[in-house]
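Quick notes on the structure that follows.
Index from 1, following the sequence. We count ligands from 1, going down the list as the structure has it; atoms in each ligand are counted the same way. None of the values given here were measured: they were computed from a predicted structure.
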Amino acid sequence: MAALTVYRFTLSVLWMILTSLCGAKVIPSLQYSCFRRNLSYIPTSIPPSTQHLDFSFNYLTTLQRHMFPRLPFLQHLDLTRCHIQNIDNEAFFNVRNLSVLVLTGNPLKYFGRSSINVLEKIHKLVLVEIGLLSLDSLNLQNLTSLKELKLGTNRILCVALPMYSVTFKGFTLLDLHGNNISVIRADDTSVLRQMGSNVTLILSRNPISFIETGAFAGLYLKEINLFDTFISSTVVRDITGGLSGLNVIRLKIGNFEESTWQETVGLPLDYICVIYFQEIYLHQSNPSHLPSHILRCMANCSKIYLSRVVLETWEHFHFQNLKEMIVVNGKISHSSAGRSGLESLPSSSPELTGSLSETSFLLRLQFENDRSDTMENLRYLKYLDLSYSQITFNTKLFHGLSSLKELKMAGNSFAKGIFSQLFLNLTTLEVLDLSNCAIENIPLNSFHDLHHLKHLIFSGNKLITMDFLTGPSLSKLKYLHADNNYIAGISPSVLQNIPADLSVFDLSFNPIECSCTQTEFISWIINHQSVLKDPQLMSCKSSSMNSRVINFDPTHCVHRNRVIITVSILAAVTVLLLSALLYKYQFYIHYCFILLRGYRMSRQQECSYDAFVIYSSNDETWVLDELVENIEKGHPPIQLCLHERDFQAGKSITSNIVDEGIMGSRKVIVVVSQHFLDSSWCQFEFELAQSWLVLRRNASIIIIILEDVEDKKIKRLFGLYKYLKKNTYLKWKANALSNTRFWARLRKAIIAKN
Ligand SMILES: *[C@@H]1O[C@H](CO)[C@@H](O)[C@H](O)[C@H]1NC(C)=O
Ligand SMILES: *[C@@H]1O[C@H](CO)[C@@H](O)[C@H](O)[C@H]1NC(C)=O
Ligand SMILES: *[C@@H]1O[C@H](CO)[C@@H](O)[C@H](O)[C@H]1NC(C)=O
Ligand SMILES: *[C@@H]1O[C@H](CO)[C@@H](O)[C@H](O)[C@H]1NC(C)=O
Ligand SMILES: *[C@@H]1O[C@H](CO)[C@@H](O)[C@H](O)[C@H]1NC(C)=O
Ligand SMILES: *[C@@H]1O[C@H](CO)[C@@H](O)[C@H](O)[C@H]1NC(C)=O
C-alpha cells in the first residue's frame with residue numbers, strides 16, 4: 001500500500017519535473033514534446049517508455065552517447081534545428097530502435113561515419129539541410145529497413161546510392177531536391193536499377209545539365225519529379241537522349257513561380273516523348289502553349305493533369321486508357337477556325353467514345369469566351385467539373401450526357417430561365433453542385449428529369465425560397481446544402497414535402513426570420529436538428545444579438561395566438577351585442593336623435609300653429625268634421641297642425657312631426673281612442689311630444705278622450721296614464737249640450753298661455 005503511494009508520488013513529481021522541463025506531454029508516457037524550450041541537454045527524466053520525442057528547436061551542439069537516457073522504445077526522434085555541430089559515432093546508441101530520425105537544419109561539422117549505422121530498424125531518415133556533400137561520408141550499411149531517405153537541400157553532387165543499398169528491400173523514396181547534381185552518369189543509376197520499380201526519385205531543383213546516354217534506359221520507377229531541373233532549352237536538348245527508355249508510372253514536370261533558374265518559361269517538353277509514363281502532371285508558372293505533338297506523347301496516359309496550359313488545337317487522338325483528365329486554369333485557344341474548345345476536345349471524337357466507357361473523366365476547363373456547344377459525344381462521361389469556368393451555358397450544353405453522375409458548376413453565372421431546360425435528360429445525375437452562382441430563383445420544374453439526384457449543393461447563392469423541393473423528382477435527395485443564402489423561412493407546404501430520405505440539410509448562415517409568423521418553420525428546425533447541419537449556426541436575422549434559431553421559443557407564439565383569438569372573439573361578440581342592442585333600440589336612438597335636433601333648433605323657431613293634433617287616421621273623420629270645423633272656423637280662429645294636411649312633402653315623417661308639429665305648435669292635442677292606443681305611430685308621436693315638452697319644461701298637452709278605452713291599455717302607455725291622472729282632460733260625448741261646453745273648454749285650453 002505504502003509502496004504504491006510512494007510510487008505514485010514519485011511518478012507525479014517526475015511528471016511535474018518533466019512538464020516544467022519539456023512543455024506538454026502529448027500522450028502520457030508515449031509522446032513528449034520539448035519543442036522550442038532552449039534546452040542544452042536531454043532530460044534524464046523522460047520515461048523509458050517514450051515512443052515519440054519532439055526535441056526540435058533546442059541547443060544541443062554535440063550529440064554523444066551519454067546525451068540520451070536509455071529509451072529502448074523510442075521510435076520517432078525529431079532533432080530539427082538543434083544547433084547540432086557534432087554527432088559522435090555512438091551518439092544514437094541509447095535510442096537504437098528508432099524508426100524515424102529527423103536531423104533537418106543542423107549545421108553539422110562532424111558527422112560520425114557509423115553513428116547512424118546502429119539504427120537497424122530505421123524506416124525514415126531525414127537529413128535535409130545539414131550541409132551533406134556526399135552519401136559516401138556516411139555508413140548506412142546496416143539500415144536494411146530503410147524506406148525513405150530524404151537528402152533535400154544539401155550539396156550532394158551525385159545521384160548514386162552506395163552499392164550496399166541494394167539490400168534495402170523496401171526502399172521507396174530517394175529525395176534529392178535542391179542539391180547540386182548537374183551530371184548523371186550511366187553508372188549512377190545502377191543501384192536504383194536493381195532496387196525494383198517501387199522507388200520515387202525526386203530530382204527537382206537540381207541544375208541538371210547533362211545525362212549520359214543510357215542512364216535511364218530500362219530503369220523502372222514509380223515516380224520521377226523533374227520540376228525545375230533543366231536550366232535552359234540547350235540543356236533540354238542535351239538530356240533527352242539520357243532520359244530515353246525510362247519507365248515511370250507518374251511523371252511530374254514543369255516549374256514553379258519561385259523557380260530557381262531564369263530561363264524556365266516555355267522550355268521545350270520534347271523529352272517526355274522518350275519516357276514511358278502512365279500519368280503526367282504538368283504545372284507551369286506561366287501559362288504556355290502545349291503543342292499538339294507533345295500532347296500526342298501523352299496518348300497512352302490514364303491520367304493527365306495540366307495546370308496553366310494553353311491548348312491550341314485539339315486533334316483527334318486515341319486516348320485509349322484515359323481515365324481522368326484535369327485541366328486547371330487552362331485555356332483552349334481558338335486558333336482552329338470554326339471549332340470551339342468543346343467540339344475539339346479529344347474525348348468528343350466519335351472514335352473515342354467507345355474507349356471512354358466506364359471512364360471517370362474529369363474536365364475542369366476555363367473556357368475563354370466560349371460559345372458553348374453541346375457535349376453529345378460524351379455519352380459515357382460520368383464526372384464533369386465546370387466550376388469557375390466562365391462558360392456561357394446554353395440550354396443544350398448537357399444534351400447527350402446520358403451517363404453523367406456528377407456535375408459541378410460552382411462559381412458560374414446563368415441566363416434567366418435556363419434551368420427549366422439545362423438539366424433535361426440528365427437522368428443518371430447523382431451530384432449537382434451549383435454553389436456560388438448568384439442564383440436567385442429555381443423554377444419548380446428545373447430538376448424534372450433528375451430522378452436519381454442524391455446531393456444538391458446551393459451554398460452561397462441568393463435563394464429566397466426552397467419551393468423547388470416539392471418536385472416529385474427529388475424524392476431520392478439525401479444531402480442538401482443551402483447555406484449562405486437569403487432564406488428567411490420555408491413555408492409549411494414545402495416542409496411537408498421535403499424528401500423523406502434527406503439526412504443532411506444545411507441551412508446555416510441564412511437570415512432566418514424568428515417571429516411568430518414562422519412558428520411552423522422554427523418548430524420544424526427545432527424538431528429536425530439531427531437532419532440539419534450545424535443547427536447552432538442558424539441565427540435569427542432581425543436579432544441584434546445574433547441569437548440562434550434553435551433558442552427561439554415558438555410556444556410563446558401559441559399563447560400570443562390564443563390571446564389574439566380570445567380578444568377577437570370578444571370583440572366580435574361585443575360588436576354583435578351592440579348591433580343587436582342598436583337594432584332593438586334603434587327606435588329610441590332615433591328618437592333621442594330627433595329630440596336633440598329639435599332642442600337645438602327650437603330657439604330659432606317661431607310657432608306657426610296653435611296646436612299640433614296627434615290622432616289615429618281612423619279618427620280622421622272626427623278630427624276633420626268636428627275638431628277642425630269647431631276650432632279653426634270658430635272665433636277667434638285657431639290654427640291647427642294636422643299631419644295629413646300641413647306636413648311638408650319631401651321631409652321624413654319624424655322630421656315633420658318635430659319641425660312642423662311639435663316645435664311649430666304651441667300646444668299638442670292628443671286624440672285618444674281605441675285606434676290611437678292600437679297605433680304605435682300615434683304613441684310614438686305622443687311620446688315624442690311629451691318628451692319634448694318635458695324638455696321645454698311646460699306641459700302643454702291637451703288630451704281628448706274620444707271614446708271609452710280600457711284602463712289596461714291606457715296603463716300600458718304609462719306616460720299617457722300619468723298624464724290622465726295628473727292633468728285635466730276633455731272627454732268627448734256625442735251630444736249637443738256637452739259639445740258646446742267641450743269646444744269652449746278646448747278653445748280655452750288652446751289659447752291659454754302656459
Ligand atoms: C538559449 O540557449 C543558448 C545557449 O544555451 C543561449 O546562448 C541563448 O541565449 C538562449 N536563448 C534564450 C532565448 O534563452
Ligand atoms: C552492422 O552489422 C554488422 C553485422 O550485422 C555488425 O557486425 C556491426 O557491428 C554493425 N554495425 C554497427 C555500427 O552497428
Ligand atoms: C556545385 O558544384 C559545383 C561543381 O560541380 C561547384 O563549383 C559549386 O560551388 C557547387 N555549389 C554549391 C552551392 O555547393
Ligand atoms: C511498393 O510499395 C507499396 C507501398 O508503397 C507496397 O504496398 C508494394 O508492395 C510495393 N511493391 C513492391 C514490388 O515492392
Ligand atoms: C502507346 O502504346 C502503344 C502500344 O501500346 C505504342 O505503340 C505507342 O508508341 C505508345 N505511344 C506513346 C506516345 O507512348
Ligand atoms: C431526351 O431523351 C429522349 C429519350 O431518350 C429523347 O427522345 C430526347 O430527344 C432527349 N432530349 C434531349 C433534349 O436530349
Side-chain angles (χ1 to χ4, degrees), residues 63 65 87-98 101 107-108 111-122 125 128-134 137-146 151-160 162 164-165 167-168 176-185 188 203 205-211 216-217 220 229 231 235 240 243-251 253 260-261 269-280 282 290-304 315-323 346 352 355:
L63 278 191
R65 178 170 174 169
I87 298 180
D88 278 7
N89 266 331
E90 298 202 313
F92 299 109
F93 196 83
N94 286 340
V95 290
R96 250 177 307 180
N97 292 321
L98 281 182
L101 174 63
L108 285 177
F111 200 165
R113 195 176 141 70
S114 54
S115 57
I116 289 179
N117 207 25
V118 298
L119 305 173
E120 289 178 325
K121 294 185 179 156
I122 200 133
L125 184 56
V128 172
E129 207 188 324
I130 58 167
L132 209 60
L133 286 166
S134 163
S137 60
L138 292 176
N139 185 5
L140 307 176
Q141 195 156 5
N142 287 4
L143 313 190
T144 49
S145 301
L146 194 66
L151 300 167
T153 326
N154 283 299
R155 292 186 290 157
I156 296 169
L157 297 163
C158 182
V159 76
Y164 55 71
S165 311
T167 60
F168 300 174
L176 287 165
H177 79 266
N179 276 283
N180 197 8
I181 300 164
S182 58
V183 174
I184 299 177
R185 307 221 169 258
D188 294 347
L203 290 173
R205 290 171 47 223
N206 277 286
I208 295 175
S209 57
F210 178 71
I211 299 177
F216 285 96
Y220 286 83
T229 24
I231 53 175
V235 164
T240 304
L243 283 170
S244 178
L246 173 63
N247 289 275
V248 65
I249 293 175
R250 197 176 296 136
L251 174 62
I253 53 167
T260 326
W261 332 116
L269 296 168
D270 298 60
Y271 62 89
I272 70 162
C273 297
V274 302
I275 301 172
Y276 303 105
F277 55 91
Q278 291 171 27
E279 300 174 6
I280 185 163
L282 167 59
L290 188 66
S292 55
H293 73 276
I294 300 295
L295 194 64
R296 202 179 287 124
C297 294
M298 302 177 186
N300 287 347
C301 281
S302 60
K303 183 168 179 178
I304 299 176
E315 294 174 16
H316 288 176
F317 307 115
H318 293 268
F319 283 80
Q320 293 164 15
N321 305 312
L322 193 63
K323 295 263 184 274
L352 214 119
S355 58

Open item on the list: Tell me the protein heavy atom at minimum distance from atom 6 (C) of ligand 5, and give that distance in Å.
Closed with: Asn300 ND2, 4.0 Å
Open item on the list: Looking only at protein heavy atoms, which one is nearest to atom 10 (C) of ligand 3, and what is the separation?
Closed with: Asn180 ND2, 2.3 Å
- [ ] Could you tell me whether Lys303 and Glu279 have a side-chain N and a carboxylate O separated by less than 4.0 Å?
- [x] no
TODO: Could you find the nearest protein heavy atom to atom 13 (C) of ligand 5 and give me its residue, atom name and distance?
DONE: Cys297 O, 3.7 Å
Task: Residue part near ligand 5, for Ala299, under 4.0 Å between non-hydrogen atoms - done: neither
Task: Heavy atom of protein closer than 4.0 angstrom to atom 8 (C) of ligand 2 - done: yes
TODO: Check each of Asn142, Leu119, Val118 against atom 11 (N) of ligand 2 and report the one with the nearest heavy atom.
DONE: Asn142
Open item on the list: Among all the protein's non-hydrogen atoms, which is closest to atom 4 (C) of ligand 3, and how far away is it?
Closed with: Leu157 CD2, 4.4 Å
- [ ] Indicate whether atom 2 (O) of ligand 2 is within a distance of less than 4.0 angstrom of some protein heavy atom.
- [x] yes
- [ ] Tell me yes or no: between the side chains of Asn139 and Ser114, is some donor less than 3.5 Å from an acceptor?
- [x] no
Open item on the list: If you count heavy atoms of other groups shown closer than 6.0 angstrom to CZ of Arg113, is the number above 12?
Closed with: yes
Task: Arg155: numbered ligand 3 atoms lying under 4.0 Å from its heavy atoms - done: 14 (O)
Open item on the list: How close do Leu290 and Ile294 get, counting heavy atoms only, and between which atoms?
Closed with: CD1-CG2, 3.6 Å
Open item on the list: Does Phe210 have more than 12 heavy atoms from other residues, nucleotides or ligands lying within 6.0 Å of its CZ?
Closed with: yes
Open item on the list: Please find the pair of heavy atoms, one from Leu269 and one from Leu282, that lie closest to each other, and give the distance.
Closed with: CD1-CD2, 3.9 Å
Open item on the list: Geometry only, no angles: is Arg296 polar-contacting ligand 5 at N/O separations under 3.5 Å?
Closed with: no
Open item on the list: Does Asn180 form a side-chain contact (heavy atoms from CB on, under 4.5 Å) with Asn206? I'd like the steps, not just the answer.
Closed with: CA-CA 6 Å; Asn180 197 8; Asn206 277 286; 5.5 Å; no
